Each structure stands twice: as C-alpha cells, then as structure tokens.
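Please read the structure below before turning to the comments.
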Amino acid sequence: MTEIRRPPGGLVSALDPLMRRTNGVWVAWGSGNADRDVADRNGHVAVPPEDPSYVLRRVWLDESEVEGYYQGFANSALWPLCHMFAQHFEPRSDDWEKYRLVNERFAHAVAEEAGDSSDPVIWIQDYHLALVSATVRELVPGALIHQFWHIPFPPPDIFQLMPGGMGVALLRGMLGNDLLEFQTDRAARNFLACVDELIPDARIDLDKQQVQSGGRMTTVRAFPISIDVKHYESLAEESSAAKLASTLRERYTKKGRQLAISVDRVDYTKGILERLRALDLMWARHRELRECLVFIIVATPSRSALTVYKQLEEQVVEQVERINAKYRTKGWTPIVLIPENVNADRLAAIYRAADLCIVSSLQDGMNLVAKEFVACQVDERGLLLLSRFAGAAEEIEGATLINPFNIDGLAEGLKSALAVPLAERRARMARMRYDLHGATIFDWLRSILTAANELRPQRPTGVRSIKV
Ligand code: GDG
C-alpha cells in the first residue's frame, strides 16, 4: 500500500497551496519507498493524487547523497551557521562536495524541464540549493531566476566561520539570481554585508538593494512569508475543531486555569528547552501560580537522523518528566507533551482552545506557527508571546515580545502574561487578526511575482513557473 506523507515543515505548508494555483512543475528530491513506484520514466508525478493540479519532477538521491548533502552540509553546516549556532556548525569537505554535486543535478533537472522555452521563470526555494541559480543561468541564459531564502542570513563575522572557498562559492551561487528574497530586511542587509566583505568585484547599491557582479545585477529584498489565513481560519471553525477545542478547555481549564500551548519541530533554534527552564523557574519562584496553568507542548520530531536532534528529542521528554514530577498535584499535571506529528484539524483545535501561545525561537526566519495561531483564534481570547528573534516579530503588532535567552525575564513575562485581562487580549488579538488578513501567503506571492516582473518589464512572468 502506498501511504502519502506530508512533511511538517513550514516550506511545504506554505508552498503547496501556491503550486495548486499556478500549475507549475516542482523539481524536488524524491524519497520514501513508494516514490519511485508512482513516478513515470522521467521522474514525473502528478500531485495531489486526488486532484492532480501540478507536476513533481523527482531528483533521485542515494543514501550517501542524502547524508552528505542534506544531513551534512545543508543541516549541519548551513542551517546552524545561518541561525548563528556556531557550536553546532560542522563544515566537512566531503559534505560540501556532495552539496555541490546535488545542486548541480538539480540545476540540470531544471534546465531539462525548461526545455526549449527561451524565457522560463525559475523559482528556487531555500538554503539547500544555494548554488543552483548560477548553474541554471549558464544552461538557460534567457531564464528569469529568483530564490526565496526561508531562514535567517548571518552577519559577516558569523558567515566567515565558513571555510573560505565554500563561503565565496555560496555567495557567488546566490548572486546567480536576478532577485534574491529574504524574510526580513535584517537578513537582506546581512547578505549584502557578507558580499561586501567577501566578493571583491561586487558593487553594492544599498539604497536600491542591488549588487552588480560578474557583469550582471541581483536585487536583494525582504518579502515576509505568510500563511493561507482563510484555510487555517476555516479549519478552526469546523464543528469538529470547535468540539475538540471545548473538550480541551473542559479538561484543562478547570478551576480558572489557563491553557498555554506551543508547536514546534524539535529543533535547537526553537528554544524549547529555554521555554521549559522558564516554566520551571516560574513555578519554583511563584508557588501561587502552580495549578494556574496547563501547558500543551506539541513537539514534532524532525531530522532525527542527526544526533543533535535525536538528543534534543530525548532532552525535551526528560525535562517535561522532571518538571511534572516536581510540581504535579493530585488533580493537576503541569505539562502535556505531544511528541508526534498531529493532524492539521487537531492542530487548529489546539490553537483555537489556547489562552496563550509561546513562540520562543532563539533565531527564526519567520515562524509560521505564530501566524497560524492568530488565524485559528476565532474566539479571540489568546495572547501571543513571541520571540523578538523570529522574523514574525517584525511584522505582528499586538504580540508580547520576549527574549528567550533571558530565562529569568521569560519566567516573569509568563507570570505577567497570565494576568493580562481578557478585554486587552481580545483587543490585541482582533488587531492581529485584522492585520493578518491583509498579509496572506497570496499577498506574499503577488508581491514577489510583481517584483520579479519589474525586473523584466517587457516579458510577463508567472505564466509557467518552475520551482526547485
Ligand atoms: C522554515 C523556517 C519559516 C509543526 N508541527 C506540526 C505541524 N507543524 C507545522 C506548523 C508550521 C510548520 O510546521 C513549522 O513552520 P515554522 O515557520 O514554524 O518553522 P520551520 O519548519 O523551521 O520553517 C521558518 C518557514 O520555513 C517558512 O518560510 O517561517 O522560519 O525555519 O506550518 O504548523 N503541522 C502539523 N502537525 C504537527 O505536529 N499538521
């Protein structure tokens, strides 16, 4: 039997609705036992299976490629470096070699899909493919190429931890794009500063946010990603979600207790252990707050093949067990851990039921959970505590900003949050919901396509797009 799995990451959540609307070709790595069975000779799969509306072109990777390219260079070197976690940064030359080769293969697959079209629009997604645009430009000279970088970009002092040749090759690869899209101005500025330090022939115009190098120009700008707001709202409004939300409230908000939630892939960038330390400190310091709050933590395993991620999963379980053992009373368990992927309907009900949602990322490109929470708060009772180091903090007005490195401050911030009156919560949530409706994933897409269009006004874009 073939089981269809939808990975939990923000990238897929964000792009699937867009692909359905644009009928493009999505070139993506193929994995899972059944992937080859459902693809045709050319690696093409029509998706979604129940209502095919676009084509996936698979690039097959063997085990050693997955290890070196994906777990290795992408997730053990680029990911930690971009999030400024020098302690997890492991650049290895074998991994880099695999990363280069796999990027090369993606570039050739894209060129094949472009076929004889003289001016295709090619949109590359994320940090796994930093070298693709430069190669595609050689293979398809007439293409309009742009790339969205979903994660932060570090300042030069951090970026220069990357061994010289690799760092320069990455920057040159990214400069193969006509338009390079980041989540925030800060990330765009950091990228320009790195180019300024490391690419001697580059000329940067900071006002226009453009780089001239190798005889061509790259525009570098911020386009904060969002979500399909109506989709999340309608999930939360479903009668089954409403029912589950009231069941959760009946179970957990007895005796005037508040229900707090968090939802993350288990990743050291998300500040899950810091959040647990703050809760522990708050309950240790303020006895009166015991039994006042139940915390549901959805912690979805992710990248478990990497030791640092597997260890973090174990640490989260250990810490939750420790805190529960320390404070539990007869009728109260402080933390409910859901250490697995929950389905989207259940997630919407959890968002809806909450009085408080905490996003405590130590660094985060955007953080879609913050926006999903706002969209699903159809009863407008919840408060959002949001890390100032998530891109979302630069966008959402009405959240309470927190510094998750400051455990002490976070514990006190949690205490204050519990005391915010309902009327103020409602006013803030109503404001956030209003703003979110004005900045959805479709607005994000439109603004990117408009900016790309402006770079080549004589040729319309978005007619047939190819995504990597
Ligand atoms: C990267 C950047 C940027 C999580 N657990 C479950 C589940 N999820 C979904 C959430 C959300 C997504 O995963 C996580 O998105 P985030 O944005 O929070 O984070 P990353 O995965 O790190 O995404 C990030 C994003 O790309 C988009 O550009 O915002 O900064 O790091 O959609 O709902 N979904 C379900 N069950 C779970 O258990 N159904």
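Atoms within each ligand, like the ligands themselves, are counted from 1 in listed order. Any value given below was found using the heavy atoms of this structure, including those in side chains, with hydrogens, waters and symmetry copies removed. Predicted, not measured: the structure shown is a model, and the values here were computed from it.
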Residue portion contacting ligand 1 (non-hydrogen atoms closer than 4.0 Å) for [X]:
X	value
Leu347	side chain
Ile225	side chain
Phe373	neither
Glu340	backbone

Which of the numbered atoms in ligand 1 are below 4.0 angstrom from a heavy atom of [X]?
X	answer
Trp79	22 (O), 31 (O)
Gln183	3 (C), 28 (O)
Asn341	6 (C), 35 (C), 36 (N), 37 (C), 38 (O), 39 (N)
Asp364	24 (C), 30 (O), 31 (O)
Tyr351	33 (O)
Arg265	20 (P), 21 (O), 22 (O)
Gly365	30 (O)

Tell me if the aromatic rings of Phe73 and Trp96 count as close, with their centers under 6.0 Å from one another.
yes

Which residue from Asp267, Ile227, Thr300 reaches closest to atom 5 (N) of ligand 1 through any of its heavy atoms?
Thr300

Identify which of Thr269, Asn343, Val342 has a heavy atom lying nearest to atom 38 (O) of ligand 1.
Val342

Answer yes or no: does an N/O atom from [X] fall short of 3.5 Å to an N/O atom of ligand 1?
X	result
His83	no
Leu368	yes
Met366	yes

Inspect the contact between Glu113 and Arg57 and indicate whether a charged nitrogen and a carboxylate oxygen are less than 4.0 angstrom apart.
yes

Side-chain touch Trp149/Cys82, heavy atoms, less than 4.5 angstrom
yes

Any non-hydrogen side-chain atom of Phe389 less than 4.5 Å from a side-chain atom of Leu362?
no

Closer than 3.5 angstrom, by distance alone: can the side chain of Asp443 be matched with the main-chain N or O of Thr440 as a donor-acceptor pair?
yes

Check whether Glu65 reaches the backbone of Asp62 with its side chain - one donor and one acceptor, N or O, closer than 3.5 Å.
yes

Could you go through the ring pair (Phe, Tyr, Trp, His ring centres under 6.0 Å) check for Phe148 and His150 one step at a time?
CA-CA 6 Å; Phe148 189 78; His150 288 253; 4.6 Å; yes

In a check of side chain to side chain contact (heavy atoms under 4.5 Å, CB included) between Lys371 and each of Leu436, Val229, Ile225, which one passes?
Leu436

After noting the C-alpha distance and the side-chain angles of Trp79 and Asp267, does the key distance pass the side-chain contact (heavy atoms from CB on, under 4.5 Å) rule?
CA-CA 11 Å; Trp79 173 272; Asp267 193 299; 3.3 Å; yes

Kindly determine whether Gln160 and Glu197 satisfy side chain to side chain donor-acceptor pair (under 3.5 Å), including the steps that lead there.
CA-CA 9 Å; Gln160 288 186 63; Glu197 293 231 358; 2.9 Å; yes

